[in-house]
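Here the structure is laid out as structure tokens; the discussion comes afterwards.
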Amino acid sequence: MRTITDGRTDDRGKPQDKRTNVILFPRTVDYYQIELTKLLETERYQEAADLLRFLLQVDSGDPRNQEEWETLLDWITTLMNESDHESGALSPVDDEADLTEADLLRKETERKKATDEGYVTRLLETLREASSLEQILLALGQLSYVQHPEVEPALVRWIETTRLHPYVIFKALQTLKKRGATGSVRPAQQAEERELRMEETPLDVWEFPESITDVLKRVQEHSAVREPALGFFAEETWSEFLAFVYASPLYRRLTELEEEGRNAWAAALHGALRRVMQEQADEEELLHLYGMTEALTMEYKQAGQALDAFMRLQTRP
């Protein structure tokens, strides 16, 4: 993979004709397409736009992909501009305009609550009756910002009385933290009985303990020059993996990683990303790159198994 940096963009934030000379493997393209679908299904339009801007700076090997990504970015940009206008947001060029995406979401949920008396009730019912993860995530996203006294106790009760996947528990805890909630929650029927503090829930991958963020830093450092696409995707993949294991015993193990253990997990993460994006991973090269020793073999293999299982869930049709 070759890289020549040229980050110039036009007035819409789209790359100009000169792209970074990064060539994506076919499975890497497929992986990004799946990620785009997830972002759009959960209405995470800003994240989708950011990913599309990156993809438009690389070579996918097929001009049709570039055309599709340009069309999609135009649609998202138009959609977001219309949403800003309808919600009363000021133009970005106006000195008084400094609204974040969270501000806009808060304004929109408050507007819906004001015009629909059953809005909050239906969101809470969605959590109990949803037939898909996407429905749950959409409801939690809106509950993060709507102001209503029933929301926090209802969310805590849902976590403590319903058997939920650790990923859903984590997303619910993030919702509670965004609302400013504090105190402990004890998830129902977990393999390891433990209390989770709402106010300690990370909202960003860099808010996790140092032992965990070090794993990501090492992968990004080793992939920065030769594999920039892999480094770009490592942050989101690691963040999603942590969300999946946050309410499980494995998370506690990650918070206690020593120096060598961090290297083992970094090597495993690098290898898992290579396998899903490039169909290959030179294990000997990775072991040398991260200074693997025989004493770390078991940790490395277990980390690889956990990450590969997670990646299969992420990329299945």
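What you see is a predicted model; the values in this text were computed from it and never measured.
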Could you give me the CA-CA distance, side-chain angles and deciding distance for E70 and E67, then say whether side chain to side chain contact (heavy atoms under 4.5 Å, CB included) is met? CA-CA 5 Å; E70 284 192 5; E67 293 174 7; 5.8 Å; no
Under the side-chain hydrogen bond (donor to acceptor under 3.5 Å, both in side chains) test, residues paired with D62 that sit two or more places apart: R64
Which residues pass the ring-ring contact (aromatic ring centres under 6.0 Å, His included) test with F233, not counting sequence neighbours? Y31, Y32
Taken in chain and number order and not counting sequence neighbours, the residues that satisfy side-chain contact (heavy atoms from CB on, under 4.5 Å) with S184 are E195, R197
By side-chain hydrogen bond (donor to acceptor under 3.5 Å, both in side chains), Q142 pairs with (sequence neighbours left out) Y119
Euclidean distance, L155 CG relative to E160 CD, rounded to 0.5 Å: 11.5 Å
Tell me, do L55 and L36 make a side-chain contact under 4.5 Å, heavy atoms counted? yes
Can you list, pair by pair, the side-chain donor-acceptor contacts under 3.5 Å of residues 286-294, counting residues two or more places apart and other chains?
unit_1	atom_1	unit_2	atom_2	d
Y290	OH	H270	ND1	2.7

Contacts satisfying salt bridge (charged side-chain N to carboxylate O under 4.0 Å, His left out) that involve residues 172-182 (not counting sequence neighbours) are E152-R179, K177-E207
Results of side-chain contact (heavy atoms from CB on, under 4.5 Å) for Q220 - residues two or more places apart only: W206, L216, E235
Any chance you could measure L296, atom CG, to R262, atom CZ, to the nearest 0.5 Å? 13.0 Å
Can a donor-acceptor pair be found, under 3.5 Å and without considering hydrogens, that links the side chain of E199 to the backbone of G180? no
Closest heavy-atom pair, A303 versus A268, reported as atoms and distance to 0.1 Å, is CB-CB, 3.6 Å
Residues forming a side-chain hydrogen bond (donor to acceptor under 3.5 Å, both in side chains) with E259, sequence neighbours excluded: R218
Mind jotting down which residue pairs meet the salt bridge (charged side-chain N to carboxylate O under 4.0 Å, His left out) criterion with at least one end in residues 134-147? Sequence neighbours excluded, please. none
Gap between atom OG1 of T213 and atom CG of D204 - 0.5 Å precision: 10.5 Å
Y251 OH to F170 CZ distance, which is reported to the nearest 0.5 Å: 7.5 Å
Common cluster, L138/Y145, ILVMFWY with side-chain heavy-atom separation under 4.5 Å: no
I159 versus A172, closest heavy-atom pair with distance: CD1-CB, 3.7 Å
What one should report as the nearest heavy-atom pair of E299 and A264 is CG-CB, 3.7 Å
Would you say L56 and L73 make side-chain contact, with heavy atoms under 4.5 Å? yes
If you round to the nearest 0.5 Å, how far is CH2 of W238 from CG of L273? 10.5 Å
Does the side chain of V215 reach to within under 4.5 Å of the side chain of L254, using non-hydrogen atoms? no
Taking only residues two or more places apart in sequence, or in another chain, which ones meet A139 in a side-chain contact (heavy atoms from CB on, under 4.5 Å)? L123, T126, L127
With under 30° as parallel and over 60° as perpendicular, where do the rings of Y167 and F244 fit, or are they tilted in between? tilted
Can you tell if the side chain of T255 reaches within under 4.5 Å of the side chain of I212, non-hydrogen atoms only? yes
Heavy-atom side-chain contact between D214 and L257 under 4.5 Å: no
Would you say that Y45 contacts W75 through its side chain, given a criterion of any heavy-atom pair below 4.5 Å between the two side chains? yes
Joint hydrophobic cluster, W158 plus V120, side-chain heavy atoms closer than 4.5 Å: yes
For V168 and L133 the tightest heavy-atom approach is CG2-CD1, 3.8 Å
List in chain and number order the residues that pass side-chain hydrogen bond (donor to acceptor under 3.5 Å, both in side chains) with R122, two or more places apart in sequence or in another chain; answer none if no residue qualifies. D116
I'd like to check N263 versus Y300 (side-chain heavy atoms, cut-off strictly below 4.5 Å). Are they in contact? no
Who passes salt bridge (Lys or Arg N to Asp or Glu O under 4.0 Å) against R157, sequence neighbours left out? none
M311 vs T237 side-chain heavy atoms within contact, under 4.5 Å: yes
Note: F241 and F310 closest approach over all heavy atoms is N-CZ, 3.5 Å
For the CZ atom of F208 and the OG1 atom of T201, what is their distance to the nearest 0.5 Å? 9.0 Å
Looking at every non-hydrogen atom in both residues, tell me the closest pair between V219 and A266 and how far apart they are. CG2-O, 3.3 Å
